[in-house]
Amino acid sequence: MGLIEPSFYARDALEVAWDLLGCRLKHEGVEILITEVEAYRKEGDSANHCRSGRTRRNAPMWGPPGRAYIYLCYGIHLMLNLVTDQDGEGAAVLIRAGQVGGGLDIIRSRRGAKEGPVLLTGPGKVAQALGLDLGMNESELFVPGGLELHQGRRPQGVLAGPRIGIGYAQPEHVLAPWRLAAAGTGWVSHPAPLEQVTSRAHYFSMWS
DNA sequence: CGTCAGATGATC
DNA sequence: ATCATCTGACGC
């Protein structure tokens, strides 16, 4: 119930990112409420993995929307992205943080801990909690049985700030506030500033 | 609290 | 060599 259809993803990554806040990711008994995301936008976003064209790694991003783009970061952590925009355009949204909505015992066993976090702050933790692996790269989020994205509850407010770990990008894109987080969830972390967005319309008038 | 190094491996 | 990171060790 509430499984999100492919058309949801077939838009600009920033719009999808906004609407992903509060949605629920489900996989094998684990459910995570999305609290923080980053948009990597098509054409000219110098922080995007697709900035230099098509490669083996970023191939999923160029494919049809609604699929997972999973890659290994720093040799240790898997990152989960959801592919957006149209087939032939390279864009995606990185899932950066979430709140446990179910399967806490499974998550704890994956971390090898008896006491575990209810808040998953950081993309590596999210992927680990969901039990992802590289074999699930390009899997379709709208197909029942695998990794699924479901509707959720919209957050009360949205915070925006610069994306994390993209110092290699051009200053313009280092500063662009395309990292979004749900306000008032007790989410706290990272040095980068997050500011309350006054209205969705105002935000998108600046960044579309 | 804070900063910082090391782990670890696919990719270009 | 370069990374869309995390953790634990240290110093205050």
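Side-chain atoms are counted along with the backbone in the values below, which use heavy atoms only and exclude waters and symmetry mates. Below, chains carry the letters A, B, ... as their sequence lines are ordered, and counting in each starts from 1.
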Visitor: How about Arg111(A) and Gln128(A): does a side-chain donor come under 3.5 Å of a side-chain acceptor?
Guide: yes
Visitor: Starting from C1' on dC12(B), measure out to CG on Leu72(A) and report it in whole angstrom.
Guide: 15 Å
Visitor: Residues two or more places apart in sequence or in another chain: which of them pass salt bridge (charged side-chain N to carboxylate O under 4.0 Å, His left out) with Glu89(A)?
Guide: Lys42(A)
Visitor: How would you label the contact of Arg163(A) with the nucleic acid (heavy atoms, under 4.0 Å): base, sugar-phosphate, or nothing?
Guide: nothing
Visitor: In whole angstrom, give the distance that lies between atom CZ of Arg56(A) and atom C1' of dG9(B).
Guide: 15 Å
Visitor: For Ser46(A), check side chain to side chain donor-acceptor pair (under 3.5 Å) against everything at least two apart and list the hits.
Guide: His173(A)
Visitor: Between Gly124(A) and Arg51(A), which has a closest nucleotide on DNA chain C that is more 5'?
Guide: Arg51(A)
Visitor: Indicate, with yes or no, if the rings of Trp178(A) and Tyr40(A) have centres closer together than 6.0 Å.
Guide: no
Visitor: So what does Ile76(A) touch, heavy atoms closer than 4.0 Å: a base, only the sugar-phosphate, or nothing?
Guide: base
Visitor: Dot-bracket for DNA chain C: what is it, with Watson-Crick or G-U pairs under 3.5 Å, [ ] where a pair crosses earlier ones, and | for a pair to another strand?
Guide: |||.|||||||.
Visitor: Starting from C1' on dT11(B), measure out to CE on Met61(A) and report it in whole angstrom.
Guide: 15 Å
Visitor: What is the 5' to 3' range of DNA chain C, first to last nucleotide, that sits under 4.0 Å from any heavy atom of chain A?
Guide: dC3(C) to dT7(C)
Visitor: Measuring from Phe142(A):CZ to Leu147(A):CG, what's the distance to the nearest 0.5 Å?
Guide: 12.0 Å
Visitor: Classify the ring geometry of Tyr71(A) against Tyr69(A): parallel below 30°, tilted from 30° to 60°, perpendicular beyond 60°.
Guide: parallel
Visitor: Are OP1 or OP2 of dT11(B) and a side-chain N or O of Thr55(A) less than 4.0 angstrom apart?
Guide: no
Visitor: Given atom CE of Met79(A) and atom C1' of dT11(B), what is their separation to the nearest angstrom?
Guide: 15 Å
Visitor: Between P on dC12(B) and OH on Tyr71(A), what's the gap in Å once rounded to a whole number?
Guide: 13 Å
Visitor: With sequence neighbours left out, what residues match Arg200(A) under salt bridge (charged side-chain N to carboxylate O under 4.0 Å, His left out)?
Guide: Asp19(A)
Visitor: Does a salt bridge link Glu138(A) with Arg67(A), judged by any charged N lying under 4.0 Å from a carboxylate O?
Guide: yes
Visitor: Which residues satisfy the side chain to side chain contact (heavy atoms under 4.5 Å, CB included) test with Glu172(A), sequence neighbours excluded?
Guide: Gln170(A)
